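Values in this document were obtained by computation on a predicted structure and should not be read as measured data. This chain uses plain numbering: 1 for the first residue, then up along the sequence.
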Amino acid sequence: MADFAVRVLTEDAELRAAHSLLRVALHSPPMSDSDWESVRPTYAPKRYFGAIADGVAVGSAYVYDSAMAVPGGNTVLMGGLARVGVRADYRRRGVMTELMRFQLADAKANSQVLSTLHASETGIYGRFGYGIGTRAREIHLIKPRMRAGVPRSGRVRMLSSAEAIEQTAPLYERIGLYRTGMMARGRDWWTVQFENPTRGDEPYLVAVHSGPDGDDGYVIYKAKGNDSYVADDYGATLEVFDLFGANQAARNELWRFLIEIDLVSEIHAHSRPVDEPVELLLENPRSCITRNVDDEVWVRLVDVPAALSARTYGDADPVAVTVNDAFLPENSGTYLVSRDGVTKTTAQAELTLDVDTLGMLYFGAWRPSDLAAVGRIKVSDHTALARADRLFEPDSIPWCGTDF
C-alpha cells in the first residue's frame with residue numbers, strides 16, 4: 001500500500017509547500033515570502049494536486065484549464081499539465097503514476113477531452129499515454145533585412161507596460177485559435193507567464209498591429225544589449241516570445257517591425273511554426289537560421305471516442321483502427337474512421353496502435369505510414385496506410401505556440 005495520498009490542494013500553506021517542492025525538484029533556490037506573494041495568485045482554485053506523505057508534500061502537478069483547436073476548426077476542452085515534480089527521496093515509489101492517474105480522472109470529470117504538456121524529460125510520459133502532438137522550431141535571424149517586395153499593411157504601435165497588461169490577453173482571444181493545436185489561455189496562464197514578468201525589473205515589450213478592422217496581431221519580446229562591441233558593430237539581440245496575427249499580413253508587419261528596429265544584430269524567436277515563411281520575408285533567406293526543431297506539445301487523448309469524433313477527416317475510404325490504452329482501459333477498442341466521422345466497430349483491425357501513438361497522429365504532426373515504418377503501428381492490411389494518411393491529413397501543420 002502506498003505511504004502517500006494524492007488530493008486537491010486548497011490551503012495556502014500546502015500550496016506553498018508543494019510549490020517549494022517543485023522548485024527544489026527543478027534545482028531552483030528556496031522561495032522567499034515576497035516570491036510566494038507573487039506566485040500565489042497564479043494558482044486557480046482546485047487545480048493544484050499534491051501527493052502528501054505524513055502531512056508533507058512529496059509530489060505536485062498543476063492543470064491549466066483550456067481549450068484546443070483540432071483539425072477541421074472545432075475546439076475541445078483540454079487540460080494543460082504543468083508544475084510536475086516529485087521529491088528526490090520519493091522517486092520510484094509510484095508518486096508520478098498516482099499523480100497522473102488523479103489528474104486524468106479529474107480531466108475526465110471536467111469533460112476535458114485532451115491532456116497536454118511540455119515534457120522536461122521525453123522518456124517519462126509515453127507510458128502514461130502521451131505522444132508528441134506538435135513540433136516547433138527555434139529560429140535566429142542574423143542581421144536580417146526585409147525584402148522590398150513584401151506588401152505593407154496596417155500599422156504597428158508599441159504599448160506601455162500598463163497597456164500591455166490590459167490589452168494583450170483580450171487581443172489574443174480576439175485573434176482566435178486560427179491554427180490546429182493552438183490553445184486558449186486562462187487568467188492563471190496570463191498572470192504567471194506574462195503579467196508578473198511585465199511588472200518586473202526587465203518587463204516584456206509589446207507591439208500591436210492594427211489592420212482595417214482594428215487590432216489583429218501582437219508581438220511580445222525583450223531586448224538584450226551587447227556590451228562587447230567595436231565601433232559600428234554594436235547590435236542588441238531581440239528575444240521573441242509571442243507573435244500572433246489573425247492573418248499573414250499582420251504577421252508580416254510584426255516581423256517587419258522587429259527587423260527594422262535600429263541597433264539590432266540578431267533576432268531569436270522561440271517555438272515558432274515549422275512552416276512559418278520568415279525566410280521568404282528577407283533579402284537573404286539564409287539570414288534566417290533554424291537552430292532546432294523540437295517536440296512542442298505532448299498530447300494525451302483522455303476520451304478517445306470524443307476526441308476522434310471532434311476532428312474532421314480527409315476524403316478516403318474507412319479504416320478500422322484498434323487503440324490499446326493500458327492506463328485508461330475504457331478507451332481501448334476498435335474505431336472505424338471515415339470521412340463521415342468515427343464509430344466503434346467489431347470489424348477486424350487494419351491498423352493497431354497504442355494511445356500514445358494516437359496522440360502523435362491526432363493533430364497530423366506525423367503520418368500513419370511514417371509511424372508504421374518505425375514500428376509504432378501494427379499493420380494488418382497495407383492498403384489501409386494510404387487511406388489513413390489521407391484521413392488524418394491536417395488542414396494545417398499543427399502548432400500550439402503557448403508555453404506552460
Side-chain angles (χ1 to χ4, degrees), residues 38-39 42 64 66 80 82-83 116-118 120 134-142 144 156-179 181-209 215-226 236-246 250-261 264-274 276 278 281 288-297 399-404:
S38 66
V39 168
T42 70
Y64 290 100
S66 183
R83 292 165 165 170
T116 66
L117 57 85
H118 292 272
S120 55
T134 70
R135 292 183 290 172
R137 67 171 178 161
E138 176 187 349
I139 57 176
H140 288 193
L141 278 61
I142 312 299
V156 176
R157 72 184 189 279
M158 293 191 67
L159 303 182
S160 68
S161 292
E163 289 172 331
I165 289 172
E166 179 183 356
Q167 297 178 30
T168 307
L171 180 52
Y172 179 84
E173 187 171 349
R174 180 186 177 193
I175 292 168
L177 310 183
Y178 58 82
R179 191 174 182 127
M182 286 180 62
M183 60 176 277
R185 296 172 172 180
R187 173 50 46 199
D188 50 350
W189 186 94
W190 283 104
T191 301
V192 67
Q193 299 286 351
F194 178 70
E195 293 178 6
N196 280 357
T198 301
R199 291 189 177 98
D201 295 333
E202 298 181 14
Y204 288 127
L205 301 173
V206 179
V208 170
H209 178 267
D215 294 347
D216 57 5
Y218 72 88
V219 59
I220 298 173
Y221 67 100
K222 282 186 177 181
K224 181 180 180 182
N226 178 10
T237 296
L238 302 185
E239 297 281 345
V240 179
F241 300 99
D242 244 9
L243 191 155
F244 291 96
R251 296 190 288 272
N252 289 351
E253 285 304 309
L254 290 167
W255 280 112
R256 185 195 303 276
F257 168 79
L258 295 170
I259 289 166
E260 295 182 349
I261 293 175
V264 170
S265 61
E266 295 188 21
I267 301 173
H268 298 174
H270 308 277
S271 193
R272 301 305 303 166
V274 295
E276 186 177 27
V278 178
L281 301 176
C288 177
I289 301 170
T290 298
R291 296 298 300 268
N292 295 297
V293 176
D294 290 328
D295 56 285
E296 188 196 21
V297 169
W399 172 69
C400 179
T402 297
D403 195 14
F404 55 87

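Side-chain N/O atoms of Arg179 and Thr134 include no donor and acceptor closer than 3.5 Å. In the model, Asp188 has no side-chain atom that pairs as donor or acceptor with a side-chain atom of Tyr64 under 3.5 Å.
Nearest approach of Ile175 to Gly245, heavy atoms of both residues: CG2-C, 3.9 Å. Residue Ala223 comes nearest to Leu238 through the heavy atom pair CB-CD2, 3.7 Å, listed as atom of the first residue, atom of the second, then distance. For Pro203 against Gly200, the heavy-atom pair with the smallest separation is CD-O, 3.6 Å. Scanning both residues, Ala250 and Asp216, for their nearest heavy atoms gives CB-OD1, 3.6 Å. The two atoms that bring Trp255 and Ala269 nearest to each other are CH2-CB, 3.8 Å, heavy atoms only. For Ala164 against Val206, the heavy-atom pair with the smallest separation is CB-CG2, 3.7 Å.
Of the residues Ile289, Val278, Val240, the one that meets the side-chain contact (heavy atoms from CB on, under 4.5 Å) test with Leu141 is Val278.
Formation of a donor-acceptor pair under 3.5 Å by the Ser66 side chain with backbone atoms of Ala184 is found in this model. Using a distance-only test at 3.5 Å, with no hydrogens or angles considered, a donor-acceptor pair links the side chain of Trp399 to the main chain of Ser271. Side chain of Arg199 to backbone of Ser161: no donor-acceptor contact under 3.5 angstrom is found. Side-chain N or O atoms of Asn196 include one that pairs as donor or acceptor with a backbone N or O of Ser38 at under 3.5 Å.
Put simply, the side chain of Val192 reaches to within 4.5 Å of the side chain of Arg83, judged on heavy atoms. Annotation: side chain of Glu239 is in contact with side chain of His270 (closest heavy-atom distance under 4.5 Å). Looking only at side-chain heavy atoms (C-beta outward), Leu281 and Arg256 stay at 4.5 Å or farther from each other. Here the side chains of Ile267 and Thr237 are not in contact, with every heavy-atom distance at 4.5 Å or above. Contact of the Val219 side chain with the Asp242 side chain is not registered, since no non-hydrogen atoms from C-beta on lie closer than 4.5 Å. Counting heavy atoms from C-beta outward, Ile220 and Leu205 have side chains that stay 4.5 Å or more apart. Looking at heavy atoms from C-beta onward, Phe257 lies out of side-chain contact with Asn252 at the 4.5 angstrom threshold. Side-chain contact between Trp190 and Thr168 is present, with at least one heavy-atom pair separated by less than 4.5 Å.
Taking a cutoff of 4.0 Å between a charged side-chain nitrogen and a carboxylate oxygen, Arg157 and Asp215 qualify as a salt bridge.
Legend: residues meeting side chain to side chain contact (heavy atoms under 4.5 Å, CB included) with His118, ordered by chain and number and at least two apart, are Glu296, Val297, Asp403, Phe404. In this structure Lys222 satisfies the side chain to side chain contact (heavy atoms under 4.5 Å, CB included) test together with Glu202, Tyr204, Phe241, sequence neighbours excluded. When the side chain to side chain donor-acceptor pair (under 3.5 Å) test is applied to Arg187, the partners found at least two apart in sequence or on another chain are Glu195.
Note that the SG atom of Cys288 and the CD atom of Glu276 stand 8.5 Å from one another [nearest 0.5 Å]. One finds the OG1 atom of Thr42 at 12.5 Å from the CH2 atom of Trp189 (value rounded to the nearest 0.5 Å). Note: Asp294 CG to Glu138 CD = 8.0 Å, rounded to the nearest 0.5 Å. Rounding to the nearest 0.5 Å gives a distance of 9.5 Å between CZ of Arg137 and CZ of Arg272.
Within 6.0 Å of the CD atom in Glu173, the count of heavy atoms belonging to other residues, nucleotides or ligands does not exceed 12. Enclosure of atom CZ in Arg174 by more than 12 non-hydrogen atoms of other residues, nucleotides or ligands within 6.0 angstrom is indicated.
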Practice item. Go through Leu243 and Leu258 one step at a time and tell me if the side chain to side chain contact (heavy atoms under 4.5 Å, CB included) criterion holds. Key: CA-CA 11 Å; Leu243 191 155; Leu258 295 170; 4.0 Å; yes
Practice item. Tell me, with the steps shown, if Val208 and Val156 meet side chain to side chain contact (heavy atoms under 4.5 Å, CB included). Key: CA-CA 5 Å; Val208 170; Val156 176; over 6 Å; no
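Using cut-offs of 30° and 60° on the angle between ring planes, the pair Tyr218 and Phe244 is tilted.
Both tests hold for Arg185 against Tyr172: distance to the six-membered ring centre under 6.0 Å, angle to the ring axis within 45°.
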